[in-house]
Amino acid sequence: MSHSFVISLADSEVARIEPRGAALQVVFSATTAQAHELAQAPVAGSLLGLTLVVDQAHAQGMAVLGDGLGRLRSGVLHTGSERLTGWARPWAGVAEGTLALEFANGSQISITGTDWRLIGTEPLRFCPSYAC
(Lines give C-alpha, C1' and ligand atoms only; values in the text may rest on other atoms or scores of the structure.)
Protein backbone atom coordinates (compact mmCIF):
# COMPACT_ATOMS: atom_id res chain seq x y z
CA MET A 1 0.00 0.00 0.00
CA SER A 2 1.67 3.23 -1.16
CA HIS A 3 0.48 6.61 0.07
CA SER A 4 1.22 10.10 -1.06
CA PHE A 5 0.71 12.93 1.39
CA VAL A 6 -0.37 16.56 1.23
CA ILE A 7 1.07 18.51 4.15
CA SER A 8 -0.33 21.74 5.58
CA LEU A 9 1.65 24.04 7.87
CA ALA A 10 -1.45 25.35 9.70
CA ASP A 11 -2.17 23.32 12.86
CA SER A 12 1.17 21.50 12.58
CA GLU A 13 3.32 21.20 15.72
CA VAL A 14 6.90 22.47 15.84
CA ALA A 15 9.09 20.60 18.34
CA ARG A 16 12.12 22.84 17.93
CA ILE A 17 14.06 25.11 15.60
CA GLU A 18 17.77 24.46 15.75
CA PRO A 19 20.91 25.70 14.02
CA ARG A 20 23.14 23.28 12.12
CA GLY A 21 26.12 25.39 11.04
CA ALA A 22 24.81 27.89 8.46
CA ALA A 23 21.55 25.92 8.19
CA LEU A 24 18.42 25.84 10.33
CA GLN A 25 16.23 22.84 10.95
CA VAL A 26 12.53 23.20 11.73
CA VAL A 27 11.76 19.91 13.48
CA PHE A 28 8.07 19.00 13.50
CA SER A 29 6.60 16.74 16.16
CA ALA A 30 3.59 16.37 13.84
CA THR A 31 2.48 17.91 10.56
CA THR A 32 -1.14 18.22 9.52
CA ALA A 33 -1.55 15.94 6.51
CA GLN A 34 -3.91 14.11 4.22
CA ALA A 35 -2.98 10.63 3.02
CA HIS A 36 -3.95 9.78 -0.54
CA GLU A 37 -4.15 6.30 -1.96
CA LEU A 38 -5.25 5.38 -5.47
CA ALA A 39 -9.07 5.08 -5.78
CA GLN A 40 -9.61 5.94 -2.09
CA ALA A 41 -10.97 9.04 -0.35
CA PRO A 42 -8.23 11.12 1.33
CA VAL A 43 -7.70 10.48 5.05
CA ALA A 44 -6.92 13.41 7.38
CA GLY A 45 -4.37 13.01 10.15
CA SER A 46 -0.80 13.76 11.19
CA LEU A 47 2.52 12.82 9.67
CA LEU A 48 5.31 12.26 12.19
CA GLY A 49 9.08 12.61 11.90
CA LEU A 50 9.51 15.42 9.34
CA THR A 51 12.19 18.12 9.39
CA LEU A 52 12.40 21.18 7.16
CA VAL A 53 16.05 22.01 6.41
CA VAL A 54 17.09 25.49 5.20
CA ASP A 55 20.64 26.35 4.12
CA GLN A 56 22.21 29.81 4.47
CA ALA A 57 19.35 30.55 6.88
CA HIS A 58 18.62 33.78 8.70
CA ALA A 59 15.83 33.93 11.30
CA GLN A 60 14.01 36.98 12.67
CA GLY A 61 11.50 37.27 15.46
CA MET A 62 13.08 34.81 17.87
CA ALA A 63 14.62 36.00 21.12
CA VAL A 64 15.89 32.46 21.62
CA LEU A 65 15.67 29.62 19.12
CA GLY A 66 13.60 27.65 21.63
CA ASP A 67 10.81 30.23 21.30
CA GLY A 68 9.67 28.56 18.08
CA LEU A 69 7.74 25.77 19.74
CA GLY A 70 4.14 24.62 19.63
CA ARG A 71 1.15 24.67 17.33
CA LEU A 72 1.24 26.80 14.20
CA ARG A 73 -1.70 29.09 13.54
CA SER A 74 -0.37 29.66 10.03
CA GLY A 75 2.68 29.20 7.88
CA VAL A 76 3.51 30.53 4.41
CA LEU A 77 6.60 29.88 2.30
CA HIS A 78 7.13 32.70 -0.22
CA THR A 79 9.24 31.61 -3.21
CA GLY A 80 9.35 34.29 -5.88
CA SER A 81 5.76 34.68 -7.03
CA GLU A 82 4.55 31.51 -5.27
CA ARG A 83 2.88 31.44 -1.86
CA LEU A 84 2.91 27.92 -0.40
CA THR A 85 0.92 27.01 2.73
CA GLY A 86 1.71 23.33 2.29
CA TRP A 87 3.01 20.87 -0.25
CA ALA A 88 2.84 17.28 -1.44
CA ARG A 89 5.27 14.69 -0.16
CA PRO A 90 7.54 13.76 -1.80
CA TRP A 91 8.49 17.41 -2.31
CA ALA A 92 11.25 18.63 -4.62
CA GLY A 93 11.94 21.65 -2.39
CA VAL A 94 12.71 25.18 -3.51
CA ALA A 95 15.92 27.06 -4.24
CA GLU A 96 15.18 30.28 -2.30
CA GLY A 97 12.43 31.51 -0.06
CA THR A 98 11.13 33.12 3.10
CA LEU A 99 9.00 31.21 5.57
CA ALA A 100 6.63 33.16 7.82
CA LEU A 101 5.36 31.21 10.82
CA GLU A 102 2.74 32.39 13.29
CA PHE A 103 2.31 30.30 16.42
CA ALA A 104 -0.89 29.83 18.43
CA ASN A 105 0.79 31.68 21.33
CA GLY A 106 1.12 34.79 19.12
CA SER A 107 4.87 34.60 18.45
CA GLN A 108 6.03 35.05 14.88
CA ILE A 109 9.17 33.85 13.15
CA SER A 110 10.53 34.60 9.69
CA ILE A 111 13.21 32.39 8.15
CA THR A 112 14.98 33.30 4.90
CA GLY A 113 17.33 30.91 3.15
CA THR A 114 18.27 28.72 0.22
CA ASP A 115 17.93 25.06 -0.71
CA TRP A 116 14.72 24.27 1.21
CA ARG A 117 14.08 20.54 1.62
CA LEU A 118 11.89 18.27 3.70
CA ILE A 119 13.49 15.19 5.17
CA GLY A 120 11.96 12.42 7.22
CA THR A 121 12.41 9.00 8.63
CA GLU A 122 11.41 6.16 6.33
CA PRO A 123 8.90 4.68 6.34
CA LEU A 124 6.82 7.72 7.19
CA ARG A 125 4.48 7.30 10.13
CA PHE A 126 0.93 8.53 9.52
CA CYS A 127 -1.64 8.74 12.33
CA PRO A 128 -5.24 9.12 11.08
CA SER A 129 -7.48 11.61 12.84
CA TYR A 130 -10.79 10.37 14.15
CA ALA A 131 -12.17 13.86 14.82
CA CYS A 132 -15.84 14.27 14.05
Shortest non-hydrogen contact from [X] toward [Y]:
X	Y	result
Ala33	Phe126	O-CE1, 4.0 Å
Ala23	Ala57	C-CB, 4.4 Å
Thr98	Ser110	CG2-OG, 3.5 Å
Leu48	Cys127	CD1-SG, 3.7 Å
Leu101	Gly75	CD2-CA, 4.0 Å
Leu69	Arg16	CD2-CA, 3.3 Å

Less than 4.5 Å apart, side chain to side chain, heavy atoms only: is that true for [X] and [Y]?
X	Y	value
Leu50	Trp91	no
Val6	His36	yes
Phe5	Thr31	no
Leu52	Trp116	yes
Glu18	Val27	yes

[X] [atom1] to [Y] [atom2] distance, which is reported to the nearest 0.5 Å:
X	Y	atom1	atom2	value
Trp87	Glu82	CH2	CD	11.5 Å
Glu102	Leu9	CD	CG	12.5 Å
Ser4	Leu38	OG	CG	9.5 Å
Ser107	Arg73	OG	CZ	9.0 Å

- Message: Around atom CZ of Arg117, are there more than 12 heavy atoms from other residues, nucleotides or ligands closer than 6.0 Å?
- Response: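 Counting neighbours around CZ of Arg117, more than 12 heavy atoms of other residues, nucleotides or ligands fall under 6.0 Å, so yes.
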
- Would you say the side-chain atoms of Ser12 pair up with the backbone N or O of Thr32, donor to acceptor, closer than 3.5 Å?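 Flag set: sc Ser12 to bb Thr32 pair under 3.5 Å.
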
- Message: Between Leu84 and Val76, is the side-chain contact (heavy atoms from CB on, under 4.5 Å) condition met? List the steps.
- Response: CA-CA 6 Å; Leu84 305 172; Val76 179; over 6 Å; no

- Message: side-chain contact (heavy atoms from CB on, under 4.5 Å) for Arg71 and Asp11? Distances and angles first, verdict last.
- Response: CA-CA 6 Å; Arg71 188 176 67 81; Asp11 293 323; 2.7 Å; yes

- Message: What verdict does the side-chain contact (heavy atoms from CB on, under 4.5 Å) test give for Leu47 and Arg125, after you've listed the backbone C-alpha separation in whole Å, the side-chain angles of each residue and the deciding distance to 0.1 Å?
- Response: CA-CA 6 Å; Leu47 200 52; Arg125 188 166 157 221; over 6 Å; no

- Query: Going through the checks in order, is the side-chain contact (heavy atoms from CB on, under 4.5 Å) test met by Ile17 and Ile109?
  - Reply: CA-CA 10 Å; Ile17 299 174; Ile109 296 170; 3.8 Å; yes

- Query: Would a hydrophobic clustering, with Ile, Leu, Val, Met, Phe, Trp and Tyr connected at side-chain separations under 4.5 Å, put Leu118 with Val54?
  - Reply: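 Yes, Leu118 connects to Val54 through the hydrophobic network.
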
